[in-house]
Amino acid sequence: MQHIFEHGTNGRTLLLLHSTGGTERDLIGLAKEIDADANILSVRGNVLENGMPRFFRRVAEGVFDMEDLLFRTKELDDFVQQAAVDYQFDRNQVIAIGYSNGANIAGSLLFHHENALRAAILHHPMVPNRDAKIPNLANVDVWIGAGTNDFMCPPQESEQLEQMLQAHGAKVETAWFNQGHQLTMPEVQAAKAWYTGIFK
Ligand code: MLT
């Protein structure tokens, strides 16, 4: 997969997953804000929708092509596995940061691949799959950033995602912002405060 890797010093790796129409460059600045000392593995989605990169196909806005979602989630998991060998980082210390479509593939990694992620920061995610056999997430920390007026990702999606993750043992914190689908600086700062509390 097309990607950027930057070496850090603290042994953690931030897996950056952009939103629809984005690239692997989009979230680099945000990652430095969250943890300037971590490795960065920033990936471009392999699917194109009218020329816009995405991490998996969708049938309509908010309606996912489930077969492609499962295929692309495994593809990403395999890619991270191989990247850990190639760049020599700890596969057990990977923290995803995803926005919108990127948050949804990160959620899909959690739902379908045990030990895929140590933690995840999900900006405006949805429930990736209501029929998944979700693995044990007892050692996983998740932060969800959600907008009270997010028409792309209605509040009940974030609430249900939180409940499904918690039901399988994940520690989840959801922060609500009086905004829509956009990713704002106060939201990034709130994610940073949560992250710093966990990885002191
Ligand atoms: C998705 O398809 O992942 C969601 O609708 C969010 C988006 O990318 O617009």
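Just the heavy atoms: all of them, side chains too, but no hydrogens, waters or symmetry mates, feed the values below. Quick caveat: nothing in here was measured; it's all calculated off a predicted structure. Numbering of ligands and ligand atoms starts at 1, following listing order.
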*Identity and distance of the protein heavy atom lying nearest atom 4 (C) of ligand 1*: Asn104 ND2, 3.5 Å
_Phe56 and ligand 1 - part of the residue with a heavy-atom distance under 4.0 Å_ = side chain
_Any N/O pair Glu61/ligand 1 closer than 3.5 Å_ = no
*Mark the output for His181 as yes if a heavy-atom distance to ligand 1 is under 4.0 Å, and as no if none is.*
no
*For ligand 1, is there an N or O atom under 3.5 Å from any N or O atom of Asn101?*
yes
_Return the closest protein heavy atom for atom 9 (O) of ligand 1 as residue, atom name and distance._
Met152 CE, 2.8 Å
*Identify, for atom 8 (O) of ligand 1, the protein heavy atom at the shortest distance, and state residue, atom and that distance.*
Thr20 OG1, 2.5 Å
*Report, in ascending order of atom number, the atoms of ligand 1 lying under 4.0 Å from any heavy atom of Gly62.*
5 (O)
_Taking Lys133 first and then Glu114, would you say they form a salt bridge - that is, a charged N and a carboxylate O separated by under 4.0 Å?_
no
*Answer yes or no: does atom CD of Gln88 have more than 12 heavy-atom neighbours from other residues, nucleotides or ligands under 6.0 Å?*
no
*Phe64 near ligand 1 by a heavy-atom separation under 4.0 Å*: yes
*asked:* Can you confirm whether Asn10 is buried at CG, in the sense that more than 12 heavy atoms of other residues, nucleotides or ligands lie under 6.0 Å from that atom?
replied: yes
_Donor-acceptor contact present, side-chain His18 to main-chain Arg25, <3.5 Å_ = no
*Got the closest protein heavy atom to atom 5 (O) of ligand 1, with its distance?*
Arg58 NH1, 3.4 Å
*Using a strict cut-off of less than 4.0 Å between a Lys/Arg side-chain nitrogen and an Asp/Glu carboxylate oxygen, indicate whether Arg44 and Asp26 qualify as a salt bridge.*
no
*Any side-chain donor paired with an acceptor under 3.5 Å for Thr20 and Arg54?*
yes
*Using a strict 4.0 Å cut-off to heavy atoms of Arg54, name the atoms of ligand 1 that fall inside it.*
1 (C), 2 (O), 3 (O), 7 (C), 8 (O)
*asked:* Checking side-chain polar atoms at under 3.5 Å, does Thr73 have a donor or acceptor matched by the opposite partner on His113?
replied: no
*Do Arg58 and Asp68 sit within salt-bridge range, that is, some charged N less than 4.0 Å from a carboxylate O?*
no
*Could you tell me whether ligand 1 has any atom less than 4.0 Å away from a heavy atom of Ser100?*
yes
